[in-house]
Amino acid sequence: MLRNREFRRFALVFTLIAAIFTALGFSINAAAGILFLGGAAAFATAFCVFTKARYQNIARISDQIDQVLHNAEHLFISDSEEGELSILSSEIQKMTLRIREQNDILKKEKAHLAESLADIAHQLRTPLTSVNLILSLLDNCTDEKERKAFVRETEELLVQMDWLLTSLLKLSRLDAGVVVFQCQQVDVREMISAAVRPLAISMELRDIDLTVDVPEGMVIEGDGGWLSEAVQNIIKNCMESAGEKGTIQIYCADNPLFAQITIRDSGKGFEKEDLLHLFDRFYRGKSENAAGYGIGLALCKTILTRQGGAITAKNHPKGGAVFIIRFPK
């Protein structure tokens with residue numbers, strides 16, 4: 001309706017202008033008036049044909065944009081022969097493809113969020129069920145040693161749940177972009193020491209032999225606290241893999257291209273099908289005896305990649321798992 005109104009307005013203005021010039025032509029002489037009248041008629045015809053075709057193209061583009069707004073499954077914006085409209089059609093096609101890509105991404109993120117919430121609920125349900133069972137046993141337990149054992153087991157389960165919730169909170173903060181990493185010179189030896197320190201007692205109880213080899217003065221740029229958190233999660237994974245009386249080796253290399261931290265354990269290594277998914281959230285491996293929650297390595301990768309680093313994992317030819325962290329110079 002608006003386009004028809006504008007077209008009529010243009011036609012009315014043009015008719016008035018043509019009438020004025022035709023009258024001026026006849027005031028000069030009849031030939032001039034006829035010439036003005038014929039020229040105005042020819043120009044009016046050409047103008048009407050051009051304008052009508054132009055508005056038809058604009059109307060078609062407008063209708064197809066409306067289909068985009070109503071989530072049309074199939075959309076085709078035909079190319080226009082005119083320069084401006086052809087450019088407009090091309091830009092609208094790009095915009096449409098971009099909108100659809102964003103919609104697909106949002107749908108996938110929504111599905112991933114639903115799966116993640118289900119996984120979180122499942123991960124928390126298991127230790128909570130165990131705690132409830134232990135509490136019911138405690139109520140009927142009279143032996144002091146058994147009561148202490150139940151209490152100790154309950155504390156361990158609560159520590160696991162606390163770690164899980166803390167890690168999930170860190171992941172959500174990283175995803176939301178509210179974490180601001182500090183960019184500073186981080187001494188690698190001190191960073192590894194900070195990562196190992198909270199695990200020292202557990203390593204001693206499991207009789208795990210840890211060796212660390214770091215070149216003197218080796219530094220990387222990043223946030224020391226978060227980098228220590230990432231390395232600590234890898235060492236935890238290696239501890240589970242190495243088991244009792246296992247070994248963990250941490251050795252570093254520094255060259256003009258990159259700084260590298262390699263962490264190797266003496267465990268069984270990874271299954272071939274697990275290597276592609278090690279850093280996926282909530283992935284615990286194909287093995288039925290797989291431990292952990294599938295959070296630590298995912299958190300580790302997020303921390304490292306957000307600071308310009310990269311992490312890969314593989315099996316060592318002589319046995320055991322190998323994690324390689326690199327920071328380009």
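Because the structure is predicted, anything quoted here is derived from the model rather than measured.
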Please test E156 against T154 for side chain to side chain donor-acceptor pair (under 3.5 Å), starting from the C-alpha separation and ending with a verdict. CA-CA 5 Å; E156 291 176 357; T154 302; over 6 Å; no
Derivation and outcome, salt bridge (Lys or Arg N to Asp or Glu O under 4.0 Å), residues R152 and E155: CA-CA 5 Å; R152 185 163 55 251; E155 290 175 346; over 6 Å; no
Checking side chain to side chain contact (heavy atoms under 4.5 Å, CB included) for the pair R206/M239: CA distance, chi angles, key distance, verdict? CA-CA 9 Å; R206 298 185 184 190; M239 287 175 57; 4.2 Å; yes
Under the criterion side chain to side chain contact (heavy atoms under 4.5 Å, CB included), I'd like the reasoning laid out for K301 against L304: C-alpha separation, chi angles, the key distance, then a yes or no. CA-CA 5 Å; K301 183 176 182 180; L304 293 174; 5.9 Å; no
Apply side chain to side chain contact (heavy atoms under 4.5 Å, CB included) to residues L157 and I134 and explain how you reach the verdict. CA-CA 10 Å; L157 289 171; I134 292 172; 3.8 Å; yes
Audit row: Q260, T262, side chain to side chain contact (heavy atoms under 4.5 Å, CB included) steps and yes/no: CA-CA 6 Å; Q260 177 172 299; T262 304; 3.2 Å; yes
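With hydrogens and angles ignored, the 3.5 Å screen pairs no side-chain donor or acceptor of S241 with any backbone N or O of N237. The backbone N or O of A321 lies less than 3.5 Å from a partner atom in the side chain of D265, making a donor-acceptor pair. For the pair T302 (side chain) and A298 (backbone), a donor-acceptor distance under 3.5 Å is present. At distances below 3.5 Å, at least one donor-acceptor pair connects side-chain atoms of R147 with backbone N or O atoms of L138. A donor-acceptor pair under 3.5 Å is formed between the side chain of Q307 and the backbone N or O of D223. Although no hydrogens or angles enter the test, the distance criterion places no donor-acceptor pair under 3.5 Å between the side chain of R189 and the main chain of D213.
When every heavy atom of A230 is checked against every heavy atom of C300, the shortest pair comes out as O-SG, 3.5 Å. Taking both residues in full, the closest heavy atoms of F270 and A313 are given as CE1-CB, 4.1 Å, listed atom of the first, atom of the second, then distance. Looking at every heavy atom in both residues, A242 comes nearest to S266 through CB-OG, 4.0 Å. Nearest heavy atoms, A195 versus S228: N-OG, 3.2 Å. Minimum interatomic distance between L299 and K170 (heavy atoms only, all atoms of both residues): CD1-CB, 4.1 Å. E190 and D187 make their closest contact through N-OD1, 3.0 Å (heavy atoms, listed as atom of the first residue, atom of the second, distance).
The CG atom of D274 sits 9.0 Å away from atom CG of L276, with the distance rounded to the nearest 0.5 Å. A distance of 8.5 Å separates CG in D209 from CD in Q249, rounded to the nearest 0.5 Å. Within the model, atoms SG of C252 and CD1 of I261 stand 5.0 Å from one another, a figure rounded to the nearest 0.5 Å. To the nearest 0.5 Å, the span separating CD on E271 from CG on N315 amounts to 8.5 Å. Put simply, CD1 on I263 and CD1 on I325 are 5.0 Å apart, with the number rounded to the nearest 0.5 Å. Rounding to the nearest 0.5 Å places CG of L227 at 12.5 Å from CD of Q232.
Put simply, I303 and I311 are part of two different groups of oily side chains (I, L, V, M, F, W, Y) that touch within less than 4.5 Å, one to the next. In the hydrophobic clustering of this structure, F323 groups with V212; members are Ile, Leu, Val, Met, Phe, Trp, Tyr whose side-chain heavy atoms approach within less than 4.5 Å, directly or through other members. Following chains of ILVMFWY side-chain contacts shorter than 4.5 Å, one cannot reach M203 starting from V159, and the two form parts of different hydrophobic clusters. At a threshold of 4.5 Å between side-chain heavy atoms, the hydrophobic network of Ile, Leu, Val, Met, Phe, Trp and Tyr places L165 and L158 in one connected group. Both M218 and I234 belong to a single network of hydrophobic side chains, linked directly or stepwise wherever heavy atoms of I, L, V, M, F, W or Y lie under 4.5 Å apart.
The neighbour count for K329 NZ, taken as heavy atoms of other residues, nucleotides or ligands under 6.0 Å away, is above 12. Other residues, nucleotides and ligands contribute only 12 or fewer heavy atoms inside 6.0 Å of the CD atom of E204. Within a 6.0 Å sphere centred on CG of L205, heavy atoms belonging to other residues, nucleotides or ligands number more than 12.
No side-chain heavy atom of I208 sits less than 4.5 Å from a side-chain heavy atom of T247. Residues F258 and F327 are not in side-chain contact: their nearest non-hydrogen atoms beyond the backbone lie 4.5 Å or more apart.
Residues forming a side chain to side chain donor-acceptor pair (under 3.5 Å) with E221 (at least two apart in sequence, or on another chain): Q185.
Among V214, I220, V219, the one residue that satisfies the side-chain contact (heavy atoms from CB on, under 4.5 Å) test with M191 is I220.
Using a 4.0 Å cut-off between charged nitrogen and carboxylate oxygen, E153 and K148 do not count as a salt-bridge pair.
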